[in-house]
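All remarks here apply to the structure that follows.
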Amino acid sequence: MRGASSGRVAVVNAYWDGKNGVVLVSRDSQGRRQRRRVAAEHVCYLRKSELKERTERDLRASRAIHGMREEDSWWRVRFKTRDLLRKASAKPRWPGPDGERLSYFERAHVEPFEADMHPVRRWLTDNEVEIQRPKRCYLDIEADSRVSFSRKEEARILSWAVVDDEGKKWSAVLEDDDDAAEHRLLMKLWRLLDQFDQVVAWYGDGYDFPMIRARSKLLGIQVQWQGWLWLDHLELFKKMNISASESGDEKQSYRLGAVSTAVLGETKADLDASRSWEYWAAGGAKRQELVDYNVRDTDLLRLLENATGYIELLQVLCQATTTFPDSRGMNGTNYVEGFLLKLARGRDLHFKTVWDYGGRIPFEGAYVLEPKKGILRDVHVCDFSSLYPSIIQTWNMSPETLGPRISGSLDGPGYRSDQKWHKPRPDGHCEHPTNGWTFTTKWMGLLAEAVTELKRLRKHWNDLKASLPPGTPEWKEADRRSSAYKIAANTFYGVIGSPFSRFFDRVVAESVAQGGVWLLKLVLAEAEHKGMSVVFGDTDSAFVAGSTEKQFKAFVDHLNTVVFPRELERLGCPRNDIKLAYEKQFDVLVMVTKKRYAGNFVHYKGSRATKDSKPEIKGLEFKRGDTARIARRMQEKVIHRLLTGDHEPQGYLEMVAEWRTSILEGEIEMSDVVLSKRLAKGLGEYKAKKKKDGTDAAQPPHVEVAKLLQQRGADVSEGTRIAYVVTDATSSPMRVAPADDVTIEDVDRHYIWENLAYPATKRVLEVCFPAYGKELKALGVSRPSARRPKPEPGSPLVNPRAKGVRRRKPPEGQGTLGGIM
DNA sequence: AGCTCTGGCGACAGTA
DNA sequence: TACTGTCGCCAG
């Protein structure tokens, strides 16, 4: 075993027992699970220079203290329990006799560092540790469907299925509807799980995990819950897939069925799980159907992992950051902490205590250029490779490398806003280009080192991606992995900017972002200087027209070899990791607004686009999961036509007019018009505004619908997607209904056209054909207005059949939406 | 053991 | 009709 020979301890899991022990779980060379208990260390660090003799004496004499020892310029003070440590270091809930809310250490004028650190993280940090690959299984359970989700703990578990990595399957089903049978069912599950370390379930954190935990407790089954790595596959999928998914279709639903269809082309077993009880109660073949369904569903998780590799990716990330691959391991603050604390060992560095959230401290972020809108030809795009990580490296930015500020604005009475003060830059420091802060160059900062490894991994997948034709499945796979490392690398910056993190440093975070603003503006200015035309830029990318491919390549080279080195040297940067890359060219680019555009590739990093290459679409409704499908389809159609080079407005007006008629009069499917939005918080947390007359104002439609669903006992916890339709948009607030409550006949057709379907397409056409604004606008009106004179019968722009009037059936066998569906 | 960040668009409810 | 505040989702 590698762990043993290199003096490292290999662990597959570890947990705190809640008192004074940390339990280490390992796999020995035969693959057997071993448990070992070590002491939990409840520790904080105090600066020697801050600790007064009197306080030191107090601490030594205190019965709360286990002991203290010197470590370089720090005192490491070990408390007997975590509670005692918290008492000494956290702000007390109530004021003391003097009316002040001060902790013991605050009163002693010494700042405790890392006091809140979890005992497991403490152990992982202080020891040479290797995170082992867990034995993984996938789990899914079926429970009594008669019990509403909100009372799910009262539902009896009917069956479970477990599948391992190789596809070996286990399952069991409830024998009788009583506690003894359920007890047997769960005992079988726990005995099986005992051979695994990691349990993966879809929406596990929201359903399966709390469920088996609650039922086991209820039935008196004692298990050491923390002995497993519980991983919610859905949450992981969302985190990793968000930047890889192509259209809003993929985001509309994260139900397992929808995701597996999108990723695997495979549909969930055909069984209505909301009637699980009936299947079970019927017994015999019906009951077996339920079990088969349960097993197949579980196996989908394994197949999904085979197709995406996301769990493997998490494994890689966790091993690199000394973090366990469970749901918490996905958390950025957590794995960044793991990585940085390890890196800080032996550097005489410790980090602040974060018992409580210190409050938001906002800072300035990236620069987004107002785009040139409409149809643009031959646009070249360059972008900085891993911009924020490179900035961190180049200026050696890190909380502990921050030096003095040497310039700033002279604001106050008597000064103009552009007047600045300056001091000379001290030796051994480099200078931020715009905010006056300096960073030492005498040693390498923690952040810079951390970022280097992630950049290396990302480069590997990016190189592969660039060698493949854009849009192909291999390209997408490489893109997915490269995105995951990008997410991780950018997380380091994000965590520095997060007040929840012990590494939070507003100055450093803002310096990173503003370094990016300065660099991007350098590029834009240079392009203008070279006579090119800048059409857009966002954070780390510049969109430029008026250049040939060769010229643009030379332009990028010039920046890399002349401009950046010159400017960075002027600022005293110790190194230059800034690299601009020629990313792609579009022959047609439809620019709608900031962050919303569609482009047709000529090439991507030199790889020529093929017939099968899909266009790049960003930010538009097509990409969004909270839009109506009909809006996405229409917009997609228009975008594709525009990108093929058909820029004749008349054809588009006709196409829109046809769609308009179809939507107002033809047949539409519910799935075309359903809206689906996530509850971003619990229902009670939404702002409840009062109207001027003192009555309650309406909340957003999806929240109103969620309130209704809650009354029926449905799951409306944070994160739930609420599917709804608008049944009458003429009233304010609009009348809405849960999608499952109504049929297409109940949906407000004018609303569909005027608000759901057309606007997304209209905005695209408006920027492309500004001369046709009037016509495009007129097409958007369908509802007869009481104010307007009654339209002539047969007028092309007004639907003669108001809502509720029976519609004629469309001709047999004809697509109703002009063939777009 | 709850929490990467900022910038930005568009939908709605409500006000003036 | 223009504007404000809240919300969700997306770009980077």
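Order of the sequence lines fixes the chain letters, A, B, ..., with proteins taken first and strands second; residue numbering starts at 1 for each chain. As the structure is a computational prediction, the values presented were derived from the model and not from experiment.
At the heavy-atom level, A/K691 lies under 4.0 Å from the strands shown only through sugar-phosphate atoms. Nucleic acid contact class of A/F492 (heavy atoms, under 4.0 Å, all strands): none. Using a 4.0 Å heavy-atom distance criterion, A/A509 is classed as making no nucleic acid contact. Counting non-hydrogen atoms under 4.0 angstrom, A/Y15 reaches nothing in the nucleic acid. Note on A/K681: only backbone sugar-phosphate atoms sit closer than 4.0 angstrom, heavy atoms only; bases stay farther off. A/R678 comes within 4.0 angstrom of the backbone, heavy atoms only, and of no base.
Closest to the side chain of A/N331, from the set B/dA11, C/dA11, B/dG2, is B/dG2. Closest approach to the A/K692 side chain among B/dA16, C/dG8, B/dA1 is made by B/dA16 (side chain taken as heavy atoms from C-beta onward). Nearest to the side chain of A/Y686, among B/dC5, C/dC7, B/dT4, sits C/dC7. Comparing B/dG8, B/dA13, C/dG12 by their closest approach to the side chain of A/P733 singles out B/dA13. Side chain of A/M734, nearest nucleotide from C/dG12, B/dA13, C/dC7: B/dA13. With distances taken from any side-chain atom of A/S732 to the nucleotides C/dG5, B/dG14, B/dC12, the minimum falls on B/dG14. Side-chain proximity of A/E621 to B/dG10, B/dT4, C/dC7: nearest is B/dG10. Distances were taken from every side-chain heavy atom of A/R596 (C-beta onward) to each of B/dC9, B/dA1, B/dA11; the shortest belongs to B/dC9. Looking at the side chain of A/K595, the nearest of the listed nucleotides B/dC5, C/dG12, C/dC9 is C/dG12. Among the nucleotides B/dG8, C/dC7, B/dC3, the one closest to any side-chain atom of A/K687 is C/dC7.
For C/dC9, one of the phosphate oxygens OP1 or OP2 lies less than 4.0 angstrom from a side-chain nitrogen or oxygen of A/R721. Distances shorter than 4.0 Å separate none of the side-chain N or O atoms of A/K594 from OP1 or OP2 on C/dC10. In terms of phosphate contacts, A/K677 brings no side-chain nitrogen or oxygen within less than 4.0 Å of OP1 or OP2 of C/dC9. Taking side-chain N and O atoms only, A/N755 has no distance below 4.0 Å to OP1 or OP2 of B/dG10. For the pair A/S498 and B/dC3, the criterion of a side-chain N or O lying under 4.0 Å from OP1 or OP2 is not met. OP1 or OP2 of B/dT4 has not a single side-chain nitrogen or oxygen of A/R506 nearer than 4.0 Å. Between A/R360 and the phosphate of B/dT4, there is no side-chain N or O to OP1/OP2 separation shorter than 4.0 Å.
Within a 6.0 Å radius of NZ in A/K91, other residues, nucleotides and ligands contribute more than 12 heavy atoms.
Rounded to an integer number of Å, the gap from CD1 of A/I722 to C1' of B/dA11 is 17 Å. As a whole-Å value, the separation of A/Y758 OH from B/dG10 P is 15 Å. The distance from atom NE2 of A/H702 to atom C1' of C/dT6 is 10 Å, rounded to the nearest whole Å. Remark: P of B/dG2 and CD of A/E718 are 13 Å apart, rounded to the nearest angstrom. In this structure, A/K623 places its NZ atom 5 Å from P of C/dA11, rounding to the nearest Å. Between A/Y388 atom OH and C/dA11 atom C1' there is a gap of 11 Å when expressed in whole angstrom units. If you take CH2 of A/W230 and P of B/dA1, they are 17 Å apart, rounded to a whole angstrom. Straight-line distance from the CG atom of A/D356 to the P atom of B/dC3: 14 Å, rounded to whole Å.
Side-chain atoms of A/F536 and A/V368, non-hydrogen and from C-beta on, do get closer than 4.5 Å to each other.
A donor and an acceptor atom, one from each side chain of A/Y724 and A/H702, are nowhere located under 3.5 Å apart.
Ion pairing between A/R502 and A/E114 fails under the 4.0 Å rule for side-chain N and carboxylate O.
Checked by distance alone, A/R624 brings a side-chain donor or acceptor within 3.5 Å of a matching partner on the base of C/dC9.
Remark: A/R82 is positioned above the aromatic ring of A/W16, its terminal NZ or CZ atom under 6.0 angstrom from the ring centre and at most 45 degrees off the axis.
Taking A/T695 as the reference, A/K691, A/D693 meet the side-chain contact (heavy atoms from CB on, under 4.5 Å) condition, with sequence neighbours excluded.
Aromatic pair A/F492/A/F503: centroids not less than 6.0 angstrom apart.
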